[in-house]
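Just so we're clear, the structure is a prediction, and the values are computed from it rather than from any experiment. In what follows, residues are counted from 1 in the order of the sequence shown.
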Amino acid sequence: MQTFEHDDGSVAMINGSFSSDIAYYAISVFEARSDGLFEKYESEIEERFYSVDSLKSMLVSSGFC
């Protein structure tokens, strides 16, 4: 897990996992509020990776090019 602290007092925590063709990230952001407490926001991101040859094949088979 990586943690990043910003100048405004907010903190982002990122936990990621990777395979040969998929990356997954769970992100938690703690934003400082004016009352001294923190607000928590969460997000999940999944990215897929394709080789150039795979992309070309998909484009041709879909009739795109």
Side-chain angles (χ1 to χ4, degrees):
M1 179 173 305
Q2 291 184 311
T3 304
F4 303 93
E5 187 172 342
H6 299 277
D7 292 338
D8 65 0
S10 62
V11 176
M13 299 170 64
I14 302 172
N15 189 19
S17 62
F18 308 92
S19 70
S20 61
D21 61 346
I22 297 177
Y24 171 80
Y25 306 95
I27 302 168
S28 298
V29 175
F30 299 87
E31 186 175 70
R33 299 187 333 194
S34 60
D35 60 4
L37 299 176
F38 285 83
E39 187 109 17
K40 181 180 181 181
Y41 302 93
E42 294 183 301
S43 182
E44 296 178 357
I45 299 171
E46 183 177 296
E47 296 177 319
R48 296 191 177 268
F49 303 96
Y50 300 94
S51 68
V52 172
D53 289 338
S54 293
L55 289 171
K56 286 179 182 178
S57 176
M58 287 186 271
L59 289 170
V60 169
S61 66
S62 69
F64 189 76
C65 57

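- The closest side-chain donor-acceptor pair between Ser51 and Ser54 falls under 3.5 angstrom.
- Hydrophobic cluster membership differs between Ile45 and Phe49, with clusters built from Ile, Leu, Val, Met, Phe, Trp and Tyr side chains linked at under 4.5 angstrom.
- Under the 4.5 Å side-chain contact rule for hydrophobic residues, Phe4 and Ile27 share a cluster.
- Taking 4.5 Å as the limit, every side-chain heavy atom of Phe30 sits out of range of all side-chain heavy atoms of Glu39.
- Glu44 and Tyr24 share a donor-acceptor pair across their side chains, judged by distance under 3.5 Å alone.
- Taking a 6.0 Å sphere around CG of Asp35, one finds it holds more than 12 heavy atoms contributed by other residues, nucleotides or ligands.
- When all heavy atoms of Ser10 and Glu31 are compared, the pair lying nearest together is CB-CA, 3.9 Å.
- Transitive grouping of hydrophobic side chains (ILVMFWY, heavy atoms separated by less than 4.5 Å) brings Ile14 and Phe18 into a common cluster.
- When the side chains of ILVMFWY residues are joined at heavy-atom separations under 4.5 Å, either directly or via intervening members, Met1 and Phe38 end up in a single hydrophobic cluster.
- Using a 4.5 Å heavy-atom threshold, the side chains of Thr3 and Val11 count as touching.
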*asked:* side-chain contact (heavy atoms from CB on, under 4.5 Å) for Phe64 and Met58? Distances and angles first, verdict last.
replied: CA-CA 9 Å; Phe64 189 76; Met58 287 186 271; over 6 Å; no
